[in-house]
Undergrad: 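The structure is given below, and queries will be raised subsequently.
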Amino acid sequence: MSVSVSSTDFINDLNEIQRRAATTIQGPVLVVAGPGSGKTRVLTYRIAWMLSQGIAPAEILALTFTNKAAREMKDRIERVVGAAAHQVWAGTFHSLFARILRIEAPHIGYPTNFTIYDTDDTKSLLSAIIKEMQLNKEQYNVNVVRSRISHAKSKLITPKRYAALPSLLEEDKMAKRPQFAEVYRTYMARCKQAGAMDFDDLLLRMYELLQSYPSVCQKYRQRFRYILVDEFQDTNELQYAIIRKLVHYEGSQRNVCVVGDDAQSIYAFRGATIQNILDFQKDFKAHGVKVFKLEQNYRSTGHIVEAANELIAYNKRQIPKTIRSEKGEGERIKVIQAMSESEEGRHVVNLIVEQKNRYHLRNSDFAILYRTNAQSRVFEEYLRHNNIPYRVFGGTSFYQRKEIKDVIAYLRLAINPKDEEALRRVINLPKRGIGQTTMEKVAAMAQAAGKPLWEVLDQVPVAARTAQVLSAFKNMVRGFVQKVQQIDAYEAALHILDQSGYIRMLQQDTTREGLGRQETVSSLLDSIQQFVDQDQEFEQEHTDKSLATWLQQVALMTDLDESSSTDDDYVTLMSVHSAKGLEFASVFVVGLEEHLFPSYLSRESAEGIDEERRLFYVAITRAERFLTLSYARSRYQYGKQRFNEPSRFLSEIDSRHLDLIGSAKSLVTPPVAKHLDSSPTASGGAKVQGAFYRRPRAQVLPDRVDPSTFKPSPPDQIQVGMRVLHIKFGEGKVLAIDGQRDKRMATIFFKDLPQVPQRRIMLKFAKLQILS
DNA sequence: GAAGTGATGTTTTTT
DNA sequence: ACATCACTTC
């Protein structure tokens, strides 16, 4: 079906080279797009142009890295061509392939309702495997193992291929993990058995599908006749292999357009390689690949662009290009020197206030960018102090909180009971008396039978009582599986949380944290409801409101993707990585110190430093008008104070672009009261300042009860309302007692435990003396 | 089986 | 500094 686009005037918004990049739609195209060169505009206009030429929207596949980028692209296409935009397949590699796999998975031995394992699930499964294989967990560090598996997958090395590669096996032997190949093999087998794919599997299995099933491959080749890839410099070998499968074959038109900038490649650590850009030119040479270089920068002022050019010139390998600004030279780049991280925070926030007033900027014009998420803390404190609204992106997201993962695990189980990680997570939550020992028996049996835990759950030889609990649990989940098929995601979630007793368990915890958890869960429920209600107005294929669909979507979500509907005027705090593709009037890049930025982990290799430099390049080119760089002479790391040199990147920018402030003076005379702190290790004002914000700590334990006069009373005499004495916790009042006989638990309020006065204590064991 | 205690490692970045 | 994990005690 074709869409009529009334006017193609929009194309005149583009400069000459942009226009050629947007309208050359037949054959392979490589667009090398410098920062701020209107890349997104070219991409969206290109799609709009295609539609105006009679190409059907459903024939277009546009691959991006974040959901946010995809959404923005769709929105912008919609503004040009209207509702047809919805039919373009635009999304992240992971989400689009997950969608395809949801249809095609049975070909490769997976159920259509497969689970997506996140990094935590992966790590937990790997730990279990390492334990079962009785391997040393220092030598088989889960993080190392996980990343090695991920890298293998991104290079298309399956366990089978891995085991046949002498160089890798040798490497493992040297690193004292000779069994790695076996761990890898087992891991993949267990994932498959659990009907689960991790992030890399979404790509690897997609490739497998195209590789091994010609008819399926044929289907998608015909369907996606035009393919666009954004941020091509951040694709890995596997992603490029999939693209090639879809577009590079006998008789193909090879209508593929990749857009990227080698200077902005910042994901080598997860297998991305700019080799793909070079390979692309080679692979499509015979088919007349056209290369367009966008070198005009529309975003930043002169000093910023020139500084970026000077900086990136220090990198070895790159595609030659010169970015030009058209905005005049603008303000110089400010450099803040601070004594400590807290002084850095204060200076940055003060400058934000000043710029806001002087230039009439909004909060949303500002971004504070840092190398590691842990650095956000100080800036948050000072922003809060100044009543400036802000939002922290990244870090521990909503979806990583324990209670959210618990709820999601229950929901996952209702869709796919074979999901091993979900099962382990909730089987004893609330407490059902299924402990470690029982689970070890279940795991051993499952392993012996080569079956998922779920299937052997009611066949394990355990005490009658435990067996009864296990089979009750299994029946409950069976009920969920049934139920979920008849109702929408929201109703399903309510039903499951209620029936499982999870809600009741949460409600019993009336501490402040407990109430917080209840709130978190209820906001998750809200978001499920929102999912059910949303876009009813579009007559889209997206009308599937099942729990399965919601889960698939949520598994690939990061908190970058959450839309905060209320109050959208806030200062943005995020890592440099997450800032890719964004722009702000005023940008602060903070923590410019050796060991931090560049990271100490990169210092060994030149490539490592080059990647850090590209990262810094990305950071500074986010700024439109104002750029401020800052570093602290000392900061707390690992609980200890560290002194770092200023980042080498600062000296790679010509000083004519720079303006040093807040500097030498404060280095000599710390501004804040020296007399308050006489300790020689404390370096002046910084520490005193910091202390102001430090949270009160140190839990004071009450004085021990004198053991010689302590006489425990028989447990069955303890009643609600009594005043009792506990050998460690001191005096308390019994608020409630629940459970029967041996299982009787008392909730007691201990007045001497200021942090968490309420404790639940098992009466059978606790030594309590009745006072009155 | 659960809760409390002490030791230990961890931090780069994200779909 | 913080969280996770093995270990002990109830």
Side-chain angles (χ1 to χ4, degrees), chain A residues 63-70 91-98 116-119 122-124 127 137-138 141-143 147 150 154 197-203 231 234-236 239 266-272 369-375 377 393-397 400 402 428 431-439 466 555-561 574-580 591 595-603 608 611-612 614-615 618-619 636-641 694-695 697 699 701 712 715 726-729 742-743 745 753 756 759-768:
Chain A
L63 295 161
T64 62
F65 267 80
T66 61
N67 297 307
K68 196 176 178 219
T92 65
F93 282 86
H94 292 87
S95 71
L96 291 180
F97 295 167
I116 298 171
Y117 273 178
D118 69 11
T119 311
T122 295
K123 286 205 287 203
S124 141
S127 301
K137 55 179 193 174
E138 273 98 69
N141 175 300
V142 261
N143 288 312
S147 102
S150 174
S154 71
M197 298 193 203
D198 65 19
F199 291 138
D200 300 308
D201 286 335
L202 292 174
L203 308 176
E231 309 283 10
D234 289 328
T235 52
N236 61 34
Q239 285 164 321
I266 55 175
Y267 283 105
F269 73 92
R270 67 177 203 209
L369 308 180
Y370 34 75
R371 178 67 243 268
T372 66
N373 283 310
Q375 286 166 258
R377 176 75 67 77
F393 293 85
T396 325
S397 85
Q400 283 168 350
K402 183 185 175 304
N428 202 27
K431 303 264 183 292
R432 298 187 173 91
I434 305 173
Q436 207 184 322
T437 329
T438 308
M439 282 315 286
T466 312
L556 298 171
M557 196 108 110
T558 65
D559 72 346
L560 225 56
D561 302 320
M574 56 169 54
S575 70
V576 179
H577 280 92
S578 343
K580 189 180 66 168
H595 288 229
L596 189 59
F597 200 171
S599 154
Y600 68 101
L601 288 155
S602 67
R603 96 199 98 121
E611 172 139 325
E612 296 285 313
R614 290 193 296 268
L615 194 54
V618 168
Y636 282 89
Q637 261 171 324
Y638 278 102
K640 279 205 298 270
Q641 197 180 23
R694 215 159 288 142
R695 291 199 213 105
R697 266 205 61 76
Q699 168 157 359
L701 272 176
H726 186 278
I727 186 106
K728 264 200 206 133
F729 299 155
D742 274 8
K743 292 262 159 84
M745 305 273 290
L753 300 176
V756 195
R759 306 273 171 141
R760 280 177 54 80
I761 289 182
M762 197 140 206
L763 288 174
K764 184 180 161 196
F765 299 121
K767 293 208 172 75
L768 294 167

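We name chains A, B, ... by the order of the sequence lines, and we start the count at 1 in each one.
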Undergrad: Between the base of B/dT13 and the side chain of A/Arg371, is there a donor and acceptor pair under 3.5 angstrom?
TA: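 It does, because a donor-acceptor pair links the side chain of A/Arg371 to the base of B/dT13 below 3.5 Å.
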
Undergrad: If we require ring centres under 5.5 Å and near-parallel planes under 30°, does A/Tyr267 stack on B/dT13?
TA: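 Stack criterion not met.
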
Undergrad: Can you tell me how far P of B/dA2 sits from CZ of A/Arg432, to the nearest Å?
TA: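 My rounded result for the distance is 12 Å.
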
Undergrad: Using a cut-off of strictly less than 4.0 Å, decide whether A/Asn143 has a side-chain nitrogen or oxygen near OP1 or OP2 of B/dT11.
TA: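 The answer is yes; a side-chain N or O of A/Asn143 sits under 4.0 Å from OP1 or OP2.
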
Undergrad: Report the distance from atom NZ of A/Lys123 to atom P of B/dT14, rounded to the nearest whole Å.
TA: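 Distance check: A/Lys123 NZ to B/dT14 P gives 13 Å.
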
Undergrad: Under 4.0 Å between a side-chain N/O of A/Thr437 and OP1 or OP2 of B/dG1, yes or no?
TA: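 Answer is yes, contact under 4.0 Å.
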
Undergrad: Please answer whether the main-chain N or O of A/Ala272 pairs with a side-chain N or O of A/Asp234 as donor and acceptor at a distance below 3.5 Å.
TA: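 No; judged by distance alone, with no hydrogens or angles, the pair does not exist.
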
Undergrad: For A/Ser575 and for A/Gly433, locate the closest nucleotide of DNA chain B by heavy-atom distance; then report the residue assigned to the nucleotide nearer the 5' terminus.
TA: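 Per heavy-atom nearest nucleotide, the more 5' residue is A/Gly433.
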
Undergrad: Tell me whether A/Asn428 contacts the main-chain N or O of A/Gly433 through its side chain, where contact means a donor paired with an acceptor under 3.5 Å.
TA: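 Pair found, side chain donor or acceptor close to backbone of A/Gly433.
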
Undergrad: On the ring face of A/Tyr267, is A/Lys580 found with NZ or CZ under 6.0 Å from the centre and within 45° of the axis?
TA: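 The answer is no, since A/Lys580 fails at least one limit relative to A/Tyr267.
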
Undergrad: Base, sugar-phosphate alone, or nothing: which one does A/Phe65 contact when heavy atoms must sit under 4.0 Å apart?
TA: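 Counting heavy atoms under 4.0 Å across all strands, the contact made by A/Phe65 is with sugar-phosphate only.
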
Undergrad: Between A/Gln239 and A/Asn236, is there a donor-acceptor pair closer than 3.5 Å when you use the side chain of the first and the backbone of the second?
TA: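 Side chain of A/Gln239 to backbone of A/Asn236, a donor-acceptor pair under 3.5 Å: yes, one is there.
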
Undergrad: Name the closest nucleotide to the A/Asn428 side chain, picking from B/dT14, B/dG1, B/dA2.
TA: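 Within the option list, the nearest is B/dA2.
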
Undergrad: With respect to the phosphate group of B/dT15, does any side-chain polar atom (N or O) of A/Asn236 fall under 4.0 Å of OP1 or OP2?
TA: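 Checking B/dT15 against A/Asn236, no side-chain N or O comes under 4.0 Å of OP1 or OP2.
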
Undergrad: Reckon A/Phe93 touches a base, only the sugar-phosphate, or nothing at all at heavy-atom distances under 4.0 Å?
TA: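 Nothing, no nucleic acid heavy atom in range.
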
Undergrad: Could you give the NZ-to-P distance, from A/Lys68 to B/dT15, as a whole number of Å?
TA: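 Going from A/Lys68 (NZ) to B/dT15 (P), I get 12 Å.
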
Undergrad: Please tell me if A/Asn373 has a side-chain N or O lying less than 4.0 Å from either OP1 or OP2 of B/dT11.
TA: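 Answer is no, no contact under 4.0 Å.
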
Undergrad: Taking atom P of B/dT10 as reference, at what distance in whole Å does atom NE2 of A/His595 sit?
TA: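 Going from A/His595 (NE2) to B/dT10 (P), I get 19 Å.
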
Undergrad: Please state whether the phosphate of B/dT14, meaning OP1 or OP2, lies under 4.0 angstrom from any side-chain nitrogen or oxygen of A/Thr66.
TA: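 No, A/Thr66 has no side-chain N/O under 4.0 Å of OP1/OP2 on B/dT14.
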
Undergrad: Any donor and acceptor pair, going by atom type alone, linking the side chain of A/Glu611 with main-chain N or O of A/Ala268 inside 3.5 Å?
TA: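 Yes, A/Glu611 side chain to A/Ala268 backbone: donor-acceptor pair under 3.5 Å.
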
Undergrad: Would you compute the distance between atom CG of A/Leu556 and atom OG1 of A/Thr66 and round it to the nearest 0.5 angstrom?
TA: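 Answer for the CG-OG1 pair, A/Leu556 versus A/Thr66, is 12.5 Å.
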
Undergrad: Can you figure out which of B/dT13, B/dA3, B/dT10 approaches the side chain of A/Lys431 most closely?
TA: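 Nearest to the side chain of A/Lys431 among the choices is B/dA3.
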
Undergrad: How long is the line joining CG of A/Asn67 and C1' of B/dT14, in whole Å?
TA: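 For the pair A/Asn67 CG and B/dT14 C1', the rounded distance is 12 Å.
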
Undergrad: Identify which nucleotide among B/dA2, B/dG1, B/dT15 has an atom closest to any side-chain atom of A/Phe199, counting heavy atoms from C-beta outward.
TA: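 Looking only at heavy atoms from C-beta outward on A/Phe199, the closest nucleotide is B/dT15.
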
Undergrad: Using a cut-off of less than 4.0 Å, is there contact between a side-chain N or O of A/Asn141 and OP1 or OP2 of B/dT10?
TA: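 For B/dT10, OP1/OP2 do have a side-chain N/O of A/Asn141 under 4.0 Å.
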
Undergrad: Roughly, in whole Å, what's the span from CD1 in A/Ile116 to C1' in B/dT14?
TA: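 Value for this atom pair: 15 Å.
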
Undergrad: From CD of A/Gln375 over to P of B/dT11, roughly how many Å is that when rounded to an integer?
TA: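 Distance, rounded to whole Å: 16 Å.
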
Undergrad: If I take atom CD1 in residue A/Ile266 and atom C1' in nucleotide B/dT14, what distance separates them, rounded to the nearest angstrom?
TA: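 From A/Ile266 CD1 to B/dT14 C1': 10 Å.
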
Undergrad: In whole Å, what separates the P atom of B/dT13 from that of C/dT4?
TA: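 It works out to 16 Å between them.
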
